Amino acid sequence: MKKEQRLKRREDFRRVYQHGTVKFGRYIVMHLLPVSDSTTKVGISVSKKVGNAVVRNQVKRRLREIIRLNWEQLPEQHYVVFGAKVKSRYASYQQLQTDFYQLLKV
RNA sequence: UAAGUGAAUUAGAUGAUCGCGGGAGCAAUCCUGAGGAAAGUCCGAGCUCCACAGGGCAGGAUGCUGGGUAACACCCAGUGGGGGCGACCCUAAGGAAAGUGCCACAGAGACAUACCGCCUGUUCAUACAGGUAAGGGUGAAAAGGUGAGGUAAGAGCUCACCAGCAAUUAGGUGACUAAUUGGCUAGGCAAACCCCAUCCGGAGCAAGGCCAAAUAGGGGAGAAGGAAUUGCCCGUUCCGUUUUACUCCCGGGUUGGCUGCUUGAGGCAUUAGGCAACUAAUGUCCUAGAUAGAUGAUCAUCCUCGACAGAACUCGGCUUAUUGAUUCACUUAGCAU
């Protein structure tokens, strides 16, 4: 994931949460918002409920890896925010990946 | 061999593919990239800004001695006390004749007191008066303890030993220790207030600096005094008393980029000093700097693959969490020689 592919500003996150559509998976939550003036950007959110800093980092890295390898499958010209559910701390890489594919299909 | 005590080390490795942060380079590419606790934010400093002639009070911290350090509540070496057969471990350990306060329940009595008992006197007797801390009972704690003498009964009343106190002498830088002598003595709690000694400005990298953008030069109230001296007072300084100083309230705007940002009371080795903590000299090494926040995924091999856990200005400590090993020194018990 390059820097320009990331969603950074607090304002952008708020827009996606307020106006976007939501899809729930087993371990992940996906927020989608179509935008006209930008390419696709992705943000990851892992709350402190998931675990301590080590656990949160692990979940973030796995999600980032999955997103990087499947970048082509994401919709174009969208802001996407992935949120990790509390269960995700027990999920393996494969489980997260299958969850990710299912969310994209729906 | 078993049980144990005290230290120290390590924190998976190697290779392949894809991928991320930082640095160098025109580029290809190369180099580099989390911990022993990075944690808790509990102490102490550096650094930055604010304030600062000075004095006093309040408040806080520390509390056996000597040393180490930039500093500390930390470390080292000792002293006293407590625990363990021992290696060793624990210890907020100044002052109780400056004052105040507290000592539950029980008990006659918790700091000045005779409940039972014992003895003496008066009395036929009950009872009363006096003496008495040896015995009983209560309690965490009750007039130093044990033995002997002594006495109406007793009591450091007398003596011996032990404990405690004071003085002298000796040793030690000192906490203190030892010996001798003396008078034989009326609790505990200061992690209760307090007293004594020593030390102490405030806020923190979202500190602070630069650049850019944006908004505003506003409205209302108080007002002859106000502000600074970051708790208070004295003192000092500054501004204002002609609406304009100043204070409070309302309203409006900004939270982008660069910098601070990693070379430091730094690590390692040798030598010298010191019991040690540590210090000095010389040589050598450069080892993260992100900002929605960089270390992952998959596979193979080795030996079973591991716990706690993720830098956010930087150091020195403390405390807490924790797996599997390895090494060294020592103690006790048993067996063999």
Side-chain angles (χ1 to χ4, degrees):
Chain A
M1 269 174 87
K2 303 290 183 201
K3 270 185 175 177
E4 53 268 23
Q5 295 175 329
R6 293 186 203 155
L7 203 58
K8 288 186 176 180
R9 294 170 58 84
R10 178 184 291 273
E11 184 63 33
D12 296 337
F13 273 82
R14 205 183 304 148
R15 266 172 65 199
V16 174
Y17 286 140
Q18 283 181 352
H19 305 295
T21 55
V22 192
K23 290 181 182 176
F24 295 96
R26 189 171 169 78
Y27 301 108
I28 318 172
V29 180
M30 184 168 71
H31 298 263
L32 273 169
L33 180 71
V35 285
S36 53
D37 57 342
S38 171
T39 55
T40 294
K41 286 187 177 180
V42 177
I44 299 171
S45 170
V46 182
S47 84
K48 278 195 174 178
K49 288 178 189 169
V50 175
N52 59 26
V54 175
V55 173
R56 291 201 305 274
N57 267 337
Q58 177 121 46
V59 171
K60 265 188 274 181
R61 281 164 186 162
R62 282 175 172 164
L63 280 177
R64 207 178 293 131
E65 181 71 8
I66 291 165
I67 291 162
R68 182 180 67 82
L69 292 173
N70 301 284
W71 186 258
E72 305 299 321
Q73 300 189 35
L74 289 172
E76 290 184 7
Q77 294 199 332
H78 275 70
Y79 281 174
V80 190
V81 174
F82 290 99
K85 296 169 89 171
V86 177
K87 280 186 194 170
S88 61
R89 69 180 299 183
Y90 305 110
S92 69
Y93 178 78
Q94 275 79 16
Q95 285 173 314
L96 285 176
Q97 197 173 35
T98 51
D99 206 36
F100 179 80
Y101 287 145
Q102 291 220 323
L103 276 177
L104 285 182
K105 276 183 201 166
V106 176

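A quick note: this is a predicted structure, and the numbers were derived from the prediction, not measured. Just so we're on the same page: letters track the sequence lines, and every chain starts at 1. Computation of the quantities below employed the complete heavy-atom set of this structure, encompassing side-chain atoms and omitting hydrogens, waters and symmetry-equivalent molecules.
One C1' atom belongs to B:rA104, the other to B:rU320, and the distance between them is 37 Å to the nearest Å. Using atom C1' as the reference point in both B:rA140 and B:rC105, the two lie 12 Å apart (nearest Å). As rounded to the nearest Å, B:rA92 and B:rA87 have P atoms that lie 23 Å from one another. Here the separation of B:rU173 from B:rA97, taken at their P atoms, is 34 Å to the nearest Å. The gap from the P atom of B:rC50 to that of B:rC318 amounts to 36 Å, rounded to the nearest Å. Atom C1' of B:rG217 sits at a distance of 37 Å from the matching atom of B:rG201, rounded to the whole Å. Comparing B:rC72 with B:rU279, their P atoms are spaced 15 Å from each other, to the whole Å. Between the C1' atoms of B:rG109 and B:rA133, the separation comes to 12 Å (whole Å).
Minimum heavy-atom separation, A:Val59 to A:Ala84: CG1-CB, 3.9 Å. When every heavy atom of A:Asn70 is checked against every heavy atom of A:Gln97, the shortest pair comes out as ND2-NE2, 4.4 Å.
In this structure a side-chain-to-backbone donor-acceptor pair under 3.5 Å is present from A:Asp99 to A:Tyr27. Judged purely by atom type and a 3.5 angstrom limit, A:Lys85 uses its side chain to pair as donor or acceptor with the backbone of A:Gly25.
Partner assigned to B:rG296 is B:rC18, using Watson-Crick or G-U wobble distances below 3.5 angstrom. Nucleotide B:rA224 forms no Watson-Crick or G-U wobble pair with any nucleotide shown, as no partner meets the under 3.5 Å limit on both distances. Look at B:rA45: its Watson-Crick or wobble partner, with both distances under 3.5 angstrom, is B:rU314. B:rA245 is unpaired under the criterion used here, namely a Watson-Crick or G-U wobble arrangement in which both key atom distances are under 3.5 Å. B:rU230 is unpaired under the Watson-Crick or G-U wobble criterion, no partner having all donor-acceptor distances under 3.5 Å. Across every strand in view, B:rC328 sits in a pair with B:rG6 that passes the Watson-Crick or G-U test at under 3.5 angstrom. B:rA333: Watson-Crick or G-U partner is B:rU1, with both key distances under 3.5 Å. Of the nucleotides present, B:rA39 is the one that pairs with B:rU319 by Watson-Crick or G-U wobble criteria, both distances under 3.5 Å.
Applying the 4.0 Å criterion to OP1 and OP2 of B:rC18, one finds that A:Arg64 has every side-chain N and O outside that range.
Applying the side-chain contact (heavy atoms from CB on, under 4.5 Å) test to A:Val22 and every residue at least two apart in sequence or in another chain returns A:Phe24, A:Val29, A:His31. Here A:Glu65 pairs with A:Arg68 under the side-chain hydrogen bond (donor to acceptor under 3.5 Å, both in side chains) rule; sequence neighbours left out. Applying the ring-ring contact (aromatic ring centres under 6.0 Å, His included) rule to A:Phe82 yields the partners A:Phe100; only residues at least two apart in sequence or on another chain are considered. Considering only residues two or more places apart in sequence or on other chains, A:Lys60 meets the side-chain contact (heavy atoms from CB on, under 4.5 Å) condition with A:Ile44, A:Val46, A:Asn57, A:Arg64.
The glycosidic torsion of B:rG156 lies within 90° of 0, placing the base in the syn range. Syn is the glycosidic conformation of B:rU287, whose angle stays within 90° of 0. Base orientation for B:rG36: syn, the chi torsion being within 90° of 0. Regarding the sugar-base torsion, B:rU262 falls in the syn class, its angle being within 90° of 0. B:rA34 shows a glycosidic angle within 90° of 0 and is accordingly assigned syn.
Put simply, CD1 on A:Ile44 is 13 Å from C1' on B:rA294, counting in whole angstrom units. Rounded to an integer number of Å, the gap from CD1 of A:Ile67 to C1' of B:rC20 is 14 Å.
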Enumerate all atom pairs, one protein N or O and one N or O from nucleotides 36-41 of chain B, separated by less than 3.5 Å.
none

Strictly under 3.5 Å: I want the nitrogen or oxygen pairs between protein and nucleotides 296-299 of chain B, one per line.
residue, atom, partner, partner atom, Å
B:rG296, N2, A:Glu65, OE1, 3.2
B:rG296, N2, A:Glu65, OE2, 2.9
B:rA297, OP1, A:Gln58, NE2, 3.4
B:rA297, OP1, A:Arg62, NE, 3.4
B:rA297, OP1, A:Arg62, NH2, 3.4

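Each of A:Ser45 and A:Val55 has a nearest nucleotide on RNA chain B; the 5'-most of these lies closest to A:Ser45. Along RNA chain B, the nucleotide nearest A:Lys60 and the nucleotide nearest A:Asn57 are compared for position; the residue whose nucleotide lies closer to the 5' end is A:Lys60.
Under the 4.5 Å side-chain criterion, counting only non-hydrogen atoms from C-beta, A:Met30 is in contact with A:Val80. A 4.5 Å side-chain heavy-atom check between A:Tyr79 and A:Val42 finds every atom pair outside the cut-off.
Between A:Arg26 atom CZ and A:Leu103 atom CG the span is 12.5 Å, to the nearest 0.5 Å.
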